[in-house]
Amino acid sequence: MTKEVRVRFAPSPTGALHIGGLRTALYNYLFARKMGGKFLLRIEDTDQTRFVPGAEEYIQESLDWMGISPDESPWKPGDVGPYRQSERKASYMSYALDLIEKGHAYYAFDTAEELEAMRERLTAARVVQPQYNSITRTQMKNSLTLSPEEVKERLASGDPYVIRAKLPLKEEVRFHDLIRGWVLVHSSTLDDKVLMKSDGMPTYHLANIVDDHLMGITHVIRGEEWLPSAPLHVLLYRFFGWEDTMPQFAHLPLLLKPDGNGKLSKRDGDKLGFPVFPLNWTDPFTGEKSSGFRETGYLPDALLNFLAFLGWNPGDEREIFSLDELIEAFSIERIGKSGTKFDIAKAKWFNEHYLRSSAQEDLIAYLQQDAQAAGTTLSHEKAGAIVSLLRDRVTFPGDFWRDSQFISHAPIEFDLEVASKKWNADAATLLQAYATALESGVAAPFDGTAAKALLESTAEATGIKLGKVMQAVRLAVTGLGAGPDLMEVFAILGPQEVAKRIRFALDTLAIVD
RNA sequence: GGUCCGUUCGUCUAGGGGUUAGGACGUAUCCCUUUCACGGAUAAAACACGGGUUCGAUUCCCGUACGGACUACCA
């Protein structure tokens, strides 16, 4: 029997969860579900200087909103907790000491100034890459160069120190990445990374390996930015003697800027006018606000579908996938290798698709909410009519309210360009007659068909070709030159309101032809 | 600079030694239609470059170019 698949999403709570992080979480979730395994959330808060209040909750809420909640998390602990690294602090030191005992790590007492001096010295000597490594450590203050007595003394007197990994001078580090294949790195290009910081907290590298091991993680699916440090991680597994249970790695291609070059960043969203975060976020320190996909009007299913296809595809030509279908179709092998530019137009297309297939009642609820927020109320019936009218023409739920303003408000001014082209004596004659007919009372129900029949008979009676004046009719009643089916609009407005608007237009618009 | 990773239409991608290099978004045109959308149809649009290997390379290999990540007591 094979081991149960366990994967984790391990963000740091340093701000709003980036959309790229959300995609990483999604892929982890899909893989876990596909394999019948578990998806865990571990908060990597080992850098207390960067901790941002609210960030954890933001991560949780984002995942919940997307429908990809973890099976185990700080809020839903399984039996390998705690799920916050700050709460696991006590355990890391013993692992670091174990490494020292095995000869794979050492104490280092160098001050920031000494490290800086070392880098300057190496740069001056034209060393291409000044780093703390198997060569330079022989000239630094650490437990490899100092006498055992002095080390003991410094430790006892509370001298600040870090623990560094002792990397081999010459060794090929080779590991298999599920997405990239074999990756080969020579240990001489690696440096002696800090494992334990002087504040007693582990760095990412140590905490990550220890926790993944302790939590039984079988697959590490993370961003490509981790690829360069993966060899160090492999070495650490080896040092600990955990190589046989080392997780498999899969390094995801990055999300890139839509235009030029580089990794997609917060600024891009601001600049190009689309969100790069799942939810709205206000930085608690600077007060800076960032908009979210949710508040912009993206449906979770649409965002899910869009995100899944940024770097992955099912291998056939289907594009619309529910979460369940994504789970069914997902495989790590089909994740691409190259970076992916973020194209918001495609996201909109997905959103339109999902919006059109949404339940009528949901859309009515959106519209009624917006109306309420604007200080009015819309009856369920009227909201329903508006939703039916606009359903195929909107991108976001908020568009229902925005694009139906002409229904809630009679025009006070008219599109002058359309007026100059389309408003003429024939139109005025027809509208005059139509308004009179409406005012003299119409049989209920006044639906789109009835409105149209009456308009057609009026046109016939006045001898005016309807096709020639339709746009003028629209202009008179809505103030606009284009829009949804006019007769349905009339039905929603009702005969009295239509007549009233026509009278106003007749009084206001000058005949130019 | 160094190390590592990558490169098929504008974008997301399928494909893979011999194909009219397929799909989707976007764009354009046409149809539908009282307008605008929706929908339908059609079109323009790609294998970064140079060497190999091969009967044949977009596909395999090597270079070059370009892009990206990393290069902290951040993750």
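Source: prediction; values computed, not measured. Residue numbering restarts at 1 for every chain, and letters A, B, ... go by the order of the sequence lines.
Taking atom P in both B:C9 and B:G15, the straight-line distance is 15 Å, to the nearest Å. Remark: the separation of the P atoms in B:C30 and B:U35 is 14 Å, to the nearest Å. Spacing between B:U20 and B:U58 at atom C1', rounded to whole Å, works out to 15 Å. The same atom, P, is picked in B:U7 and in B:C62; the two are 14 Å apart, to the nearest Å. Atom name P, nucleotides B:G51 and B:A69: the rounded distance is 32 Å, in whole Å. B:C47 and B:G16 have their C1' atoms separated by 11 Å, given to the nearest Å. The separation of B:A45 from B:U8, taken at their C1' atoms, amounts to 12 Å, rounded to a whole angstrom. Between B:A44 and B:C61, the two P atoms lie 33 Å apart (nearest whole Å).
Straight-line distance from the CD atom of A:E224 to the C1' atom of B:G68: 7 Å, rounded to whole Å. The distance from atom CD of A:E352 to atom P of B:A37 is 12 Å, rounded to the nearest whole Å. If you take CG of A:N351 and C1' of B:G26, they are 16 Å apart, rounded to a whole angstrom. Rounded to whole Å, atom P of B:U35 lies 9 Å from atom NZ of A:K422. Between A:Q471 atom CD and B:U34 atom C1' there is a gap of 8 Å when expressed in whole angstrom units. In this entry the distance linking CG of A:L256 with P of B:C5 reads 18 Å, nearest Å. Between A:H353 atom NE2 and B:A37 atom P the separation is 21 Å, expressed in whole Å.
By the 4.0 Å N-to-carboxylate-O rule, A:D212 lies close enough to A:R42 to be salt-bridged with it. Looking at A:R8 and A:E44, no side-chain N of the basic residue comes within less than 4.0 Å of a carboxylate O on the acidic one, giving no salt bridge.
Two residues, A:K452 and A:L190, neighbour RNA chain B, and the one matched to the more 5' nucleotide by heavy-atom proximity is A:L190. The residue among A:I179 and A:M470 whose nearest nucleotide of RNA chain B lies closer to the 5′ end is A:I179.
At least one side-chain nitrogen or oxygen of A:R334 sits closer than 4.0 Å to the OP1 or OP2 atom of B:G15. Residue A:N313 places at least one side-chain N or O under 4.0 Å from the OP1 or OP2 atom of B:A14.
Under the 4.5 Å side-chain criterion, counting only non-hydrogen atoms from C-beta, A:L146 is in contact with A:F109. Residues A:F293 and A:T296 have side chains not in contact (no heavy-atom distance under 4.5 Å, counting atoms from C-beta outward).
Among B:A24, B:C5, B:U3, the nucleotide with an atom closest to any side-chain atom of A:W349 is B:A24.
Of all nucleotides present, none satisfies the Watson-Crick or G-U wobble test against B:A21 with each distance under 3.5 Å. Base pairing of B:G26: no nucleotide in any strand meets the Watson-Crick or G-U wobble criterion (both distances under 3.5 Å). Of the nucleotides present, none pairs with B:A14 by Watson-Crick or G-U wobble criteria with both distances under 3.5 Å. Pairing for B:C66 is with B:G6, a Watson-Crick or G-U wobble pair whose two hydrogen-bonding atom distances lie under 3.5 Å. Figure legend. B:C32 is base-paired to no nucleotide; pairs are counted as Watson-Crick or G-U wobble with both atom distances under 3.5 Å.
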Would you give a per-nucleotide map of nucleotides 7-12 of chain B, 5' to 3', where B means the base has a protein non-hydrogen atom under 4.0 Å away, S means only the sugar-phosphate does, and - means neither?
S---SS
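Aromatic ring centroids of A:W312 and A:F330 lie under 6.0 Å apart. Taking the ring centroids of A:F277 and A:Y58, they lie at or beyond the 6.0 Å cut-off. Less than 6.0 angstrom separates the ring centroid of A:Y204 from the ring centroid of A:W226. Checked against the 6.0 Å centroid criterion, the rings of A:F321 and A:F309 qualify as a close aromatic pair. The ring of A:F396 has its center closer than 6.0 angstrom to the ring center of A:Y298.
The salt bridge (charged side-chain N to carboxylate O under 4.0 Å, His left out) check on A:R137 picks up A:D192, with sequence neighbours excluded.
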Pairs under 3.5 Å (N/O, protein and nucleotides 72-75 of chain B):
{"residue": "B:C73", "atom": "O2", "partner": "A:S198", "partner atom": "N", "Å": "2.7"}
{"residue": "B:C73", "atom": "O2", "partner": "A:S198", "partner atom": "OG", "Å": "2.8"}
{"residue": "B:C73", "atom": "N3", "partner": "A:S198", "partner atom": "OG", "Å": "3.0"}
{"residue": "B:C74", "atom": "OP2", "partner": "A:K197", "partner atom": "NZ", "Å": "3.2"}
{"residue": "B:C74", "atom": "O2'", "partner": "A:D47", "partner atom": "OD2", "Å": "3.2"}
{"residue": "B:C74", "atom": "O2'", "partner": "A:R50", "partner atom": "NE", "Å": "3.2"}
{"residue": "B:C74", "atom": "O2'", "partner": "A:R50", "partner atom": "NH2", "Å": "3.1"}
{"residue": "B:A75", "atom": "OP1", "partner": "A:T46", "partner atom": "OG1", "Å": "2.8"}
{"residue": "B:A75", "atom": "OP1", "partner": "A:K197", "partner atom": "NZ", "Å": "2.7"}
{"residue": "B:A75", "atom": "OP2", "partner": "A:Y204", "partner atom": "N", "Å": "3.1"}
{"residue": "B:A75", "atom": "O3'", "partner": "A:S12", "partner atom": "OG", "Å": "3.2"}
{"residue": "B:A75", "atom": "O3'", "partner": "A:E44", "partner atom": "OE1", "Å": "3.0"}
{"residue": "B:A75", "atom": "O2'", "partner": "A:S12", "partner atom": "OG", "Å": "2.3"}

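A ring pair (Phe, Tyr, Trp, His ring centres under 6.0 Å) with A:F239 is found for one member of A:H213, A:H104, A:H205 and no other, namely A:H104.
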